[in-house]
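Here is the structure we will look at, set down as structure tokens.
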Amino acid sequence: MKIVLVCGARPNFMKIAPLLTAMGKSGYSFNPLLVHTGQHYDYNMSRAFFEDLELPEPDIHLGIGAGTHGEQTGRTLIEFEKVLFKEKPNLVVVVGDVNSTLAAALAAVKLQIPVSHIEAGLRSFDLTMPEEVNRLLTDHISDYLFTPSPDANANLKREGTPDEKIHFVGNIMVDCLLANIEKAKRRPIPAGLNLPEKGYAVLTLHRPANVDVPETLDRLLGSILDVARMIPVVFPVHPRTRKRLEESGFIGKLAAESNRLLLIEPLRYLDFISLLLRSKFVMTDSGGVQPETTTLSIPCLTLRDSTEWVVTLTQGTNILVGDKAADLVTRVTEIMASPVTRKQRPPDRWDGKTASRIVDILKKALK
Ligand code: UD1
């Protein structure tokens, strides 16, 4: 069974690694072929994750690189179709919601190759997010929809997806997190930051809606600086965000506060998890960090008005604060006042066995 697994951007690698491991252990004749589209290409955004997660070298690298959405999606579609013509796989597996996900699924479905989507059914109901468009379209052309939570099943059913396509398997990112947590605990807090355990917060910021419009970015940075005056904030800066900070000149303003708001390079997987584990709380607009903090029972303040990870709000440690300065400072004051965080029960099937559930289903289906 030749199965093409597609990855392209940073949030994909921790979803592919557990699947490759589970396929290897399954005793079934899976013949996985790993394709890296090259959407992310910096060492810190890609190679470092392959090293930390002990992923094999990609069999094929498409070298797509940066560009507009149309360019990135279009180039991937063209190059990935060539791979499919040559390799003629029995199945294509895509994960998450990045441009590579949609482009690869689209190339496959047009050639009548079955597509399996891992992390299906999530909806933020905000079509201004490119990821929401990618999620919707990928789900509607996929044959096997592997969902992380019951709300994702409900979304798919509401959109008319036949029951037999939907499989509630849990969150595959949690497989990766649990498999690596002990290694992450053994890492020191990165890059000589010299911060006390639970004595700092972590910030990640890269959504176009937050960083691409200078007025919005300025407002957000203002409230983050208010927080930084309450507790040191470590900020691994995404390349998109660094560009925007430099273009707008805000980087200078932040430099003046560098003893409280610590700007560092994007971290590799194990270092980032190590940083999260020892933090007091996290502020983020990332899709992946919300479920990770829920799994680790770390308070998370999400700098967006909506989330596709609804289960992290209802059963996890996540709170939506949007970009409202007053709300952020109020929430931080509450978190700072509580000495311990209550340990949460993780959402159903966030138990490290998601990849093996997927492999069991594929084994039966592909027989
Ligand atoms: C992409 C995903 C997003 C995911 C995020 C995680 C889409 C639509 N978006 O957003 O869902 O949460 O990755 O990181 O697919 N760049 C570099 N080096 C790199 C990669 C990117 O410098 O290794 C620069 C690019 O030149 C570009 C910017 O970062 O200017 C944005 O990269 P892009 O892949 O378009 O989207 P992300 O914002 O990273």
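For ligands, and for the atoms within them, numbers begin at 1 and follow the listed sequence. Quick caveat: nothing in here was measured; it's all calculated off a predicted structure.
The pair E257-R260 does not meet the salt-bridge criterion, since no charged nitrogen lies less than 4.0 angstrom from a carboxylate oxygen. Look at R304 and D285 and you find no salt bridge, because none of the NZ, NE, NH1 or NH2 atoms lies under 4.0 Å from a carboxylate O. Salt-bridge formation is not detected for the pair D42/R47: no Lys NZ or Arg NE/NH1/NH2 atom is positioned less than 4.0 Å from an Asp or Glu carboxylate oxygen. Between R207 and E131 there is a salt bridge, with a side-chain nitrogen of the basic residue lying less than 4.0 Å from a carboxylate oxygen of the acidic one.
For ligand 1, the atoms sitting less than 4.0 Å from at least one non-hydrogen atom of A66 are 25 (C), 26 (O), numbered in the order shown with element in parentheses. Those atoms of ligand 1 with a heavy atom of D97 less than 4.0 angstrom away are 11 (O). Each of the atoms 14 (O), 19 (C), 23 (O) of ligand 1 lies under 4.0 Å from some heavy atom of M45. Short contacts between ligand 1 and P11, defined as distances under 4.0 Å to a heavy atom of the residue, involve ligand atoms 4 (C), 6 (C).
Every N/O-N/O distance between H69 and ligand 1 stays at or above 3.5 Å. Here's the thing with N134: none of its N/O atoms is less than 3.5 angstrom from an N/O atom of ligand 1.
Proximity of S46 to ligand 1, defined as any heavy-atom pair under 4.0 Å, is not found for any part of the residue.
Residue H40 holds the heavy atom nearest to atom 13 (O) of ligand 1 of all those in H40, R47, Q39. Taking all heavy atoms of R242, R240, R244 into account, the minimum distance to atom 31 (C) of ligand 1 is reached by R240. For atom 5 (C) of ligand 1, the nearest non-hydrogen atom from the set Q72, R135, H206 belongs to H206.
In terms of protein heavy-atom proximity, atom 11 (O) of ligand 1 is closest to E131 OE2, 2.8 Å. For atom 27 (C) of ligand 1, the nearest non-hydrogen atom of the protein is K243 NZ, 3.8 Å.
Among the candidates D139, T147, D143, the single residue satisfying the side-chain hydrogen bond (donor to acceptor under 3.5 Å, both in side chains) test with H117 is D139.
Ring geometry for H36 versus H61: interplanar angle under 30°, hence parallel rather than tilted (30 to 60°).
Using a 3.5 Å distance cut-off with no hydrogens or angles, the side chains of D126 and S124 do not pair a donor with an acceptor. Side-chain polar atoms of T284 and Q290 form no donor-acceptor pair below 3.5 angstrom.
Proximity of G287 to ligand 1 is not established, as no heavy-atom distance is less than 4.0 Å.
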